[in-house]
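Atoms within each ligand, like the ligands themselves, are counted from 1 in listed order.
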Amino acid sequence: MLISHHGAVTGTTGSCHRLQIDDHNAVLIDCGLFQGDEKGESDELKRQQIDFPIDDVRALILTHVHIDHVGRLPYLLAAGYTGPIYCSTPSATLLPLVIEDALKVGFTRNERLIKAALNVMQRQLRPVEYKTWQSIELPPAPHSGSAGVPPAALGRPENRQAQSAPLPPRGSELARDADPSATTTHRPSDTATEIDQTATPPPVRFRLQPAGHILGSAYVEIDVGTGRSAQRAVFSGDLGAPHAPLLPAPRPPQRADIVVLESTYGDRVHENRKTRVARLQAAIEHALADGGTVMVPAFSIGRTQELLYELEGLIHQHPHWQDIEIIVDSPLAAKFTAAYRQLRPWWDAEAHARVRAGRHPLSFANLYTVDSHEEHLKTVTYLAKTRRPAVVLAASGMAAGGRIVNYLKAMIEDPRHDVLFVGYQAHGTPGRAIQQYGPKGGYVDLDGQRYTIRARVHAITGYSAHAGQDDLVNFIARMRKLPREVRLVHGDEEAKHTLHDKLLATANARQQFLRVSVGQAWA
Ligand SMILES: [Zn+2]
């Protein structure tokens, strides 16, 4: 059982992990889009292209429907992948919305082509229930004489450049495992001893567990083999923080041999929910006091709905807030909000209690949605001029495009307004620049023009829908026996470093062995 990575190695986007079962069989976990300046390729099509063999891929398992986890799916299908696509039932409801949007943005506006592509995807989609084992069918091995170097390990010659090491080793005795030379996978010499060379493929089963990140999100447990030789790999996907609005908290796995762990906030402890709500309230009160707009660059899925849920709670507690307009300026976000309402059975107990009390957490009186582009432009002008307080949520979450850019251009130079970040801002995005330079009176380039940041800038990390450092450590530490290896992916270098050291400290304190490595690009 070998694990390698086709993305989310040097940064947080493009998640795609390969679990190599044997010479002839592999499973992919996620197939996400590269975003920001990651993967350093200027030609968008080339950047997203599937540059790895897929003829041995027997299943694709999706952890959740964020674009950085599913956005390369159209490319995978175009490359000829015809196998099953497994995901949770709520994800299966949300996925077509995400892919339709991805197709419109990256491929075509032709409705007929989009429909055809979605039909292909739907045929391969296999929604599964949480907490239920599913087996993955593997074909009988071809003639055993051909066994040797796995086809996936060989790859195509042009793809075999080695990646430079993202992490230098650090001082701990086990830190040598951060040395990529110790952990790089898929070199034939490394793999020969580990890959099962027998003719019959081992049984493979998987199970989805709630990850508390967005509706439908899951982490994946995969068992390869049976009896004493059985191995369990866990792929965290993106983990949510406990106490996320709307979502039941994730429970760490009982056991694992190897865990591929996200590390987005590996160097950050989140504010608790109470502090987050207080900060949100402060930003809105500023808007209320001087009739400004709170601009929230928000991902369409998850964050927007969490935030709407919290805003409904705040408006419910503050009757004098009835004046404030909450505007969701994104047709896609409006569609997701509708889907979230439909997926009520998967909400947590608190959200159900609000519903029982006669409240509508995701469709309240002050909530407006903006659909057409014309309506959008009117809203931008209206909010920049009027003195009516408003909160506007628009994509993209890192202000790297999308409707939020027009709002920022119209209002970022006016101190009456606020910019509120509720999500992670990747390197090279305008969101990162605003977050970093805004408080120092710096500038940001938007659509090729320079803007001085005079609006107040706030960031609330807890709404990022990502687990904080404590939660990530607990995901591992709550297992009675630590896994043999934790492989860190989906994080900046500093986040990975910090989490790496924390995990080793935890293992040392328990006097258990733990290898902590960083994921290396498939080569
Ligand atoms: Zn995510």
* Please collect all salt bridge (Lys or Arg N to Asp or Glu O under 4.0 Å) contacts where either partner lies in residues 392-409, sequence neighbours excluded, each pair once. => Asp329-Arg403, Lys409-Asp447
* Asked: Salt bridge between Arg273 and Glu350, side-chain N to carboxylate O under 4.0 Å?
  -> yes
* To do: Evaluate the ring planes of Tyr407 and His376, with Trp represented by its six-membered ring, and classify them as parallel (under 30°), tilted (30 to 60°) or perpendicular (over 60°).
  => perpendicular
* Asked: Listed by chain and number, what are the side-chain contact (heavy atoms from CB on, under 4.5 Å) partners of Gln254, not counting sequence neighbours?
  -> none
* **Arg18/Asp56 salt bridge by N-O under 4.0 Å criterion** => yes
* Results of side-chain contact (heavy atoms from CB on, under 4.5 Å) for Pro250 - residues two or more places apart only -> none
* Counting only protein N/O/S, how many atoms fall short of 2.8 Å from the Zn ion (ligand 1)? -> 4
